[in-house]
Amino acid sequence: VLATREGVWQAPALNVPATTGTTGAGDCFLAALVWALDRGDAPADALRWGVAAGDAALLHPRSPRPAFQDTCRII
């Protein structure tokens, strides 16, 4: 969920089992969200980038960070 002065947006995330490593997914989400907002993306688009980056991190749990290409495929 992202709430700003312009409105509130919600985006679904992957359903991840508790046994799957999720370390870093939140960091990836936040980094992509801030990056998108900083470059001037609309809040809804920035939220999509954030969720895509977090999802990409979950799809590759042993990787130090998701590849940009993986994030782009999800978005």
Side-chain angles (χ1 to χ4, degrees):
V1 173
L2 176 63
T4 71
R5 292 180 185 146
E6 291 86 27
V8 177
W9 296 268
Q10 182 176 349
L14 289 177
N15 185 8
V16 180
T19 57
T20 302
T22 58
T23 302
D27 294 337
C28 290
F29 166 84
L30 185 58
L33 176 76
V34 170
W35 168 77
L37 290 172
D38 183 60
R39 70 182 202 151
D41 287 7
D45 293 331
L47 180 60
R48 278 191 212 89
W49 276 109
V51 170
D55 287 354
L58 295 173
L59 293 172
H60 301 287
R62 290 178 184 81
S63 175
R65 65 180 180 268
F68 184 72
Q69 294 84 358
D70 292 333
T71 302
C72 291
R73 280 187 208 115
I74 293 170
I75 198 164

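This chain uses plain numbering: 1 for the first residue, then up along the sequence.
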Partners passing side-chain contact (heavy atoms from CB on, under 4.5 Å) against Arg39 (at least two apart in sequence or in another chain)
Trp35, Asp41, Trp49
Considering all heavy atoms of both residues, which atom of Cys28 and which atom of Ala57 are nearest to each other, and what is their separation?
SG-CB, 3.9 Å
Which residues satisfy the side chain to side chain donor-acceptor pair (under 3.5 Å) test with Glu6, sequence neighbours excluded?
Thr4
Got a sec, which residues hit side-chain contact (heavy atoms from CB on, under 4.5 Å) with Leu47, two or more places apart in sequence or on another chain?
Leu2, Trp9, Ala11, Phe29, Val51
State, to 0.1 Å, how close Pro43 and Leu37 come at their nearest heavy-atom pair, and which atoms those are.
CA-CD2, 4.2 Å
